[in-house]
Colleague: 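The structure that follows is given in the form of structure tokens.
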Amino acid sequence: MRRIGRAVGAAVFLVCCAGGCSTEPGAGNAEPGAGNAEPGAGSSRHSPAPLPPTEPGIGLPLDAYETSPEEQGRSDRAQAALERACLARFGLRWEGPGRTALETGRRMALSRQAARLGVVDPEHAERHGYHPPPWSTYDPRVAALLDQHRDIPPAVRKVLHGLVTEAGGRPVPRNGCRGEAARRLVRGAPSADRNLPGRLAEQAAAASLRDPRLSAVLRDWRSCMAGAGRRYDSPQAAAHDPRWKRDRDPTEEEIAVAVADVRCQGKVRYLPTLVDVTAGHQRELISRHATGLGRLKRLKDVRAENVAEALAAQPSAPGPSQEGGRDGTG
């Protein structure tokens, strides 16, 4: 069952991350006051709700050039393993980010993937309206729980982030052990524009809005919604009704609109049309940007090889069993 999070504007609904290890995950998603918010449903005061067992969303052609949520999770684990090994050279012991922090990159990627097509799942509409699911980083209550930089001992922090040039008589790598680990994961990879897939996704989304096939479906959707007593120009307009932002949790009215929205989407075949039209425009753009995307695909493949090597070299690395608890000594 797909669990699709909060709808975003049609012109940007296909933008995902272009890859790379998330060193400061979650911070960019918090909204003002999020630090004082209560956790979302299904979470505790110290950990967010569990991630869905399977990746949500629907595949599109440009996904082949993006970092998937699972790949992001493996990359972050490899980054942490390399950071531990680097710190050990300086006599510093650090177990690395706790479990919640270590899964943040994957959680953010899953959240973006779930949100990019808007609310299209009946179960989500009935439970959450246009609000994000309780595990999503688009919920500020979840984002507030994802700070991975708490409780790092001062001695570790200095070497990890390269705040000093020397420690224990040894030179500290450029940008610290974090920088060294990041460079190691792209060793042998070509330079590439990691933002290219996102820009192309935006272009494909904009072209889809002008496509007569989607325009015809949206006319039928508006007629269906009017029959239900709801007047909006598009599913995105319904999702962005300013009334939904007033409450932390979905109101009965929001849920009623979301349920009508998804029901009308089904009647007019909105989702399959949107996916087919968008995929077609993405394939056209892929053919026109084959060189740049080819370099990015090679970078992605080399990074995956380096990630696998780093993880294989750490068979007995300590698991992230808790947040904090690092003594910073060997």
Side-chain angles (χ1 to χ4, degrees), residues 1-9 12-58 63 66-77 79-80 96-121 123-125 127-150 194-195 197-198 201 236 239-240 244-245 247-250 320 323:
M1 176 67 70
R2 296 186 302 273
R3 292 186 179 276
I4 309 297
R6 174 183 297 165
V8 295
V12 297
F13 65 177
L14 299 176
V15 181
C16 298
C17 64
C21 180
S22 55
T23 58
E24 299 269 1
N29 294 298
E31 297 179 4
N36 297 321
E38 293 295 322
S43 65
S44 72
R45 288 183 178 272
H46 303 291
S47 62
L51 292 170
T54 58
E55 293 187 4
I58 296 171
D63 290 351
E66 303 278 12
T67 300
S68 72
E70 182 57 35
E71 289 168 339
Q72 185 65 62
R74 285 177 55 82
S75 177
D76 288 348
R77 292 196 298 275
Q79 172 87 16
R99 188 182 307 278
T100 297
L102 197 55
E103 73 172 8
T104 294
R106 178 168 176 260
R107 183 180 295 271
M108 292 175 68
L110 282 167
S111 300
R112 285 189 293 268
Q113 188 181 78
R116 65 181 180 176
L117 295 179
V119 174
V120 296
D121 181 66
E123 182 181 348
H124 178 101
R127 296 182 63 185
H128 308 297
Y130 294 109
H131 279 57
W135 51 265
S136 172
T137 55
Y138 286 101
D139 185 332
R141 293 169 291 181
V142 172
L145 299 172
L146 300 181
D147 180 10
Q148 71 164 327
H149 295 283
R150 295 172 298 178
R194 299 187 184 186
N195 296 320
Q236 288 74 32
H240 290 129
W244 315 150
K245 297 181 180 180
D247 298 283
R248 184 165 57 184
D249 297 308
E323 311 289 342

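Quick note: numbers below take in every heavy atom, side chains included, and nothing from hydrogens, waters or symmetry partners.
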Colleague: Are any non-hydrogen side-chain atoms of Y138 and R112 less than 4.5 angstrom apart?
Modeller: yes
Colleague: Are R107 and D76 close enough for a salt bridge, meaning some N to O gap below 4.0 Å?
Modeller: no
Colleague: Mind checking the OG-CZ spacing from S111 to R106? Nearest 0.5 Å is all I need.
Modeller: 10.5 Å
Colleague: With side chains defined as the heavy atoms from C-beta onward, is the minimum distance between P48 and T100 less than 4.5 Å?
Modeller: yes
Colleague: On a heavy-atom basis, which atom in I58 and which in D63 lie closest, and how many Å separate them?
Modeller: O-OD2, 4.0 Å
Colleague: What's the shortest heavy-atom distance between Q113 and P69, and which atoms?
Modeller: NE2-CD, 3.8 Å
Colleague: How close do A49 and W135 get, counting heavy atoms only, and between which atoms?
Modeller: O-CB, 3.7 Å
Colleague: Heavy atoms only: give me the nearest V119-A125 pair and the separation to one decimal.
Modeller: CG1-CB, 4.1 Å
Colleague: Among Q72, E66, E70, find the residue that satisfies the side-chain contact (heavy atoms from CB on, under 4.5 Å) test when tested with S68.
Modeller: E70
Colleague: Looking at every non-hydrogen atom in both residues, tell me the closest pair between P250 and R127 and how far apart they are.
Modeller: CG-O, 4.1 Å
Colleague: How far apart are the C-alpha atoms of R141 and R248, what are their side-chain angles, what is the distance that settles it, and do they pass the side chain to side chain contact (heavy atoms under 4.5 Å, CB included) test?
Modeller: CA-CA 9 Å; R141 293 169 291 181; R248 184 165 57 184; 3.4 Å; yes
Colleague: Could you pull out all residues at least two apart from A80 that satisfy side-chain contact (heavy atoms from CB on, under 4.5 Å)?
Modeller: R84, P97, L102
Colleague: When you measure from the side chain of H128 to the backbone N and O of E123, does any donor-acceptor pair fall under 3.5 Å?
Modeller: no
